[in-house]
Amino acid sequence: MGGGRNSDMPQFNDFEIDLDKKEVTMMSRLSPAKQAEGIINRLEFVKTAFSDDERNLIVNYAFKLNDMEKIRELAEHTYYGKTEGSQGASLAVIDAQTEIDVLPDPMIGLWEMEKYGYTWGEMLPLTQERALEFFDHDLPVYLLHGEGSETTVNDRKQIIAHEGIFGIERQEGTEHEL
């Protein structure tokens, strides 16, 4: 869609409409998982193409990585690959699953950490259980704070007492596995 008089205006599919509540919400204000569902629904408007596993992967990718551009690319590669027979679809799915698998804690995603108020891109989120595991293996764990700061954990009791999110620094080329 090229320029035009209203090219900078939101399109109809940039909104979610709840007829029961009589509410209209910009898609960009919804959670990444809801935005991913919207992308899937738009792509499948004419023809269903995604398997349940592919839908789940796209929504999980959105929840875990919170990068709408990459989510849109994954959904489009998968959709067009399936409908037009491109091999790029399976590669996109494999790459997305690899990115998810590299995260140190499968129970929490970047979106939750950012919603909490912590946004430094070199920190990966952890739940309390996973933070205790990493700490017990002598890996540096941090208490994350809603205003965007972090505190180094020096004692197991700090992890148990903290009611927020925990973090571990991202390390290039290495995975945090226990």
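Atom set for the values below is all heavy atoms of this structure, side chains included, hydrogens, waters and symmetry mates excluded. Note that the numbering runs from 1 along the sequence shown for the chain. All of these numbers come straight from a predicted model, not from anything done at the bench.
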J.: Any salt bridge (Lys or Arg N to Asp or Glu O under 4.0 Å) involving residues 55-77? Give me the pairs, sequence neighbours left out, ordered by first then second residue.
T.: E44-R55, D52-R55, K70-E99
J.: To the nearest 0.5 Å, tell me how far I100 CD1 sits from D95 CG.
T.: 11.5 Å
J.: Please list, chain by chain and in numerical order, all residues satisfying side chain to side chain contact (heavy atoms under 4.5 Å, CB included) with M68, sequence neighbours excluded.
T.: P32, Q35, I39, I71
J.: Among residues at least two apart in sequence or on other chains, which ones pass side chain to side chain contact (heavy atoms under 4.5 Å, CB included) with D53?
T.: S51
J.: Can you list every pair that meets salt bridge (Lys or Arg N to Asp or Glu O under 4.0 Å) and has a residue in residues 138-166, with sequence neighbours left out?
T.: D136-R156
J.: Among residues two or more places apart or on two chains, list those pairs meeting ring-ring contact (aromatic ring centres under 6.0 Å, His included) that have a residue in residues 141-169.
T.: H145-H162, H162-F166
J.: Which value, rounded to the nearest 0.5 Å, describes the distance between F135 atom CZ and I160 atom CD1?
T.: 10.0 Å
J.: So for atom CD, which belongs to E129, do other residues, nucleotides or ligands contribute more than 12 heavy atoms lying within a distance under 6.0 Å?
T.: no
J.: Can you tell me how far CG of L144 sits from CG of L124, rounded to the nearest 0.5 angstrom?
T.: 10.0 Å
J.: Less than 4.5 Å apart, any side-chain heavy atom of F134 and any of L126?
T.: yes
J.: Return the minimal non-hydrogen interatomic distance between A62 and A36, and the atom names on each side.
T.: CB-CB, 3.7 Å
J.: Supply the members, apart from F63, of the Ile/Leu/Val/Met/Phe/Trp/Tyr cluster built from side-chain contacts under 4.5 Å; use none for a lone residue.
T.: W111
J.: Going from OH on Y80 to CG on L43, what distance comes out if it is rounded to the nearest 0.5 angstrom?
T.: 5.5 Å
J.: Nearest 0.5 angstrom please: Y61 OH to L74 CG, how far?
T.: 6.5 Å
J.: Give me the atom names and distance for the closest heavy-atom approach of P125 to L110.
T.: CD-CD2, 3.5 Å
J.: Calculate, to the nearest 0.5 Å, the distance between atoms CD1 and NZ belonging to I165 and K115 respectively.
T.: 10.0 Å
J.: Determine, step by step, whether W120 and M113 satisfy the side chain to side chain contact (heavy atoms under 4.5 Å, CB included) criterion, reporting the C-alpha distance in whole Å, the side-chain angles of both residues, the deciding distance to 0.1 Å, and the verdict.
T.: CA-CA 10 Å; W120 185 49; M113 184 175 75; over 6 Å; no
J.: L65 vs L103, test: side chain to side chain contact (heavy atoms under 4.5 Å, CB included). Steps then yes/no.
T.: CA-CA 9 Å; L65 298 171; L103 294 175; 4.0 Å; yes
J.: Side chain to side chain contact (heavy atoms under 4.5 Å, CB included) for E169 and M123? Distances and angles first, verdict last.
T.: CA-CA 4 Å; E169 284 189 60; M123 190 70 70; 4.1 Å; yes
J.: Mind checking what makes salt bridge (Lys or Arg N to Asp or Glu O under 4.0 Å) contact with E54, not counting sequence neighbours?
T.: K82
J.: So, for I168 and P104, which heavy atoms are closest and what is the spacing to 0.1 Å?
T.: CG2-CG, 3.9 Å
J.: By side chain to side chain donor-acceptor pair (under 3.5 Å), which residues pair with T127, not counting sequence neighbours?
T.: D105
J.: Test of understanding: with side chain to side chain donor-acceptor pair (under 3.5 Å), list the residues that count as partners of E114, not counting sequence neighbours.
T.: N66
